[in-house]
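What follows is a single structure, written as structure tokens, with notes after it.
Below, chains carry the letters A, B, ... as their sequence lines are ordered, and counting in each starts from 1. Heavy-atom basis, side chains included; hydrogens, waters and symmetry copies ignored.
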There are 2 protein chains.
Amino acid sequence: MPQFTAGELEVMQILWEHGAKKPAEIQAVFPREIKNAALRSVLAILLEKGHVTRRQVGKAFVYHAKTRRNGAFRSMIAELADQFCEGSTRTLLFNLVQSEKLSDDDIAELERLAKDTSSSSPKRKKS
Amino acid sequence: MPQFTAGELEVMQILWEHGAKKPAEIQAVFPREIKNAALRSVLAILLEKGHVTRRQVGKAFVYHAKTRRNGAFRSMIAELADQFCEGSTRTLLFNLVQSEKLSDDDIAELERLAKDTSSSSPKRKKS
DNA sequence: CCCCAAGTGCAGAAGGATCCGCATATTTAC
DNA sequence: GTAAATATGCGGATCCTTCTGCACTTGGGG
């Protein structure tokens, strides 16, 4: 039971990037050819799954992403961790660090980001 | 076009963990109830997709994982990176490091792993 | 008021994944 | 040789996603 299918994700990406939109507007900025009705089918599924809400404006429906982009990302990472890393996102992270070829600069950046969000006060920007 | 569906991944996990197996053997260690014929359907799809091979042993077929576990993991990470991190696994890694709450020990471990695989000779075990 | 562009609802086709039952073949035990 | 157990082949049912055509409704300009 994947959170999102490929097509559903395509639509969510639009909503995340552009905010609330009518079907026709989503269609207008869609990265590929898609029929209005096909798009509305996907929206109906997303609505059913609770990933979007909609409200009527005039005669049209405006769709709004309910599930947040980062939340979707996190949960898909968690799914991968379940399948490959005994459910541990931390283990997944370690695996990635091992298999990625990182430059020294990358490592320094990594360290900076890690420390910035781990302990200490999270409201400091940085030095 | 996801590399693997949920069911396909279930089967691959068995093959990765237990090595080459006959359908009935896979069925025996399967983490849930599954009918032999259903399992063979999945194997047929995996065969078609090229993720497994099979060779006849006696009257039975022994299935063998062709796609490697780590390769599958990497490609699924790459897919996620495409959707959420402009195609960059590095960016994905950075995002993860930011959103995970890491202890100082975790960070140290991370650093160790990163340096162990980045520059320097990759054949050294460790100090 | 009338028309039309914009929007929705609906029914269903197509394709893939998942699952199932049954007929058939082959190995093995006796 | 024969029967039981073990496997495969196959046809097809079911479900979900994706896509399509078409009929119907409605808001707004003239």
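- No side-chain donor from either of A:N70 and A:R74 sits under 3.5 Å from a side-chain acceptor of the other.
- The side chain of B:P23 lies closest to D:dT8, out of D:dT17, D:dT8, C:dG7.
- Nearest to the side-chain atoms of A:K59 among the listed nucleotides D:dG27, C:dT18, D:dT18 stands D:dG27.
- Rounding to whole angstrom units, CD of residue A:Q56 and C1' of C:dG7 are separated by 10 Å.
- Residue contacts shown for B:K35 are limited to sugar-phosphate atoms, with no base heavy atom under 4.0 Å away.
- You'll find that the side chain of B:R32 is closest to C:dC19, out of C:dG7, D:dC19, C:dC19.
- Rounded to an integer number of Å, the gap from CG of A:N36 to P of C:dT8 is 7 Å.
- C:dT8 atom P lies 10 Å from atom CD of A:E25, rounded to whole Å.
- Side-chain atoms of A:I45 lie closest to D:dT17 of the nucleotides C:dG7, D:dT17, C:dA17.
- At a threshold of 4.0 angstrom between heavy atoms, the contacts of A:S41 include nucleobase atoms, whether or not backbone atoms are also involved.
- Of the candidate nucleotides C:dG9, D:dA7, D:dG9, D:dG9 has the atom nearest to the side chain of B:F61.
- For B:K49, taking side-chain heavy atoms from C-beta onward, the closest of the listed nucleotides C:dT18, C:dA17, D:dT8 is C:dA17.
- Distance from the side chain of A:I34 is smallest to D:dC19 among D:dC19, C:dT27, C:dT18.
- Taking the side chain of B:K22 as heavy atoms from C-beta on, and the options C:dT18, D:dG9, D:dA7, the nearest nucleotide is D:dA7.
- Within 4.0 Å (heavy atoms only), B:L39 reaches no atom of the nucleic acid at all.
- Rounded to a whole Å, the OH atom of A:Y63 is 12 Å from the P atom of C:dG7.
- In this structure, B:F30 is a member of the same hydrophobic cluster as B:F4, with clusters built from ILVMFWY side-chain heavy atoms closer than 4.5 Å.
- The one candidate from A:V52, A:V11, A:T5, A:L9 that meets the side-chain contact (heavy atoms from CB on, under 4.5 Å) condition with A:V42 is A:V11.
- With hydrogens and angles ignored, the 3.5 Å screen pairs a side-chain donor or acceptor of B:S41 with a backbone N or O of B:A37.
- Counting any heavy atom pair closer than 4.0 Å across all strands shown, A:A37 reaches a base atom.
- Put simply, the side chain of A:Q27 gets close to the backbone of A:I34: a donor and an acceptor are under 3.5 Å apart.
- In this structure, A:R54 places its CZ atom 14 Å from P of C:dG7, rounding to the nearest Å.
- Within 4.0 Å of B:G58, counting heavy atoms only, lies no atom of the nucleic acid at all.
- With hydrogens and angles ignored, no donor-acceptor pair under 3.5 angstrom links the side chain of A:R40 to the base of C:dG7.
- The nearest whole Å value for the distance from the NZ atom in A:K21 to the P atom in C:dA6 is 17 Å.
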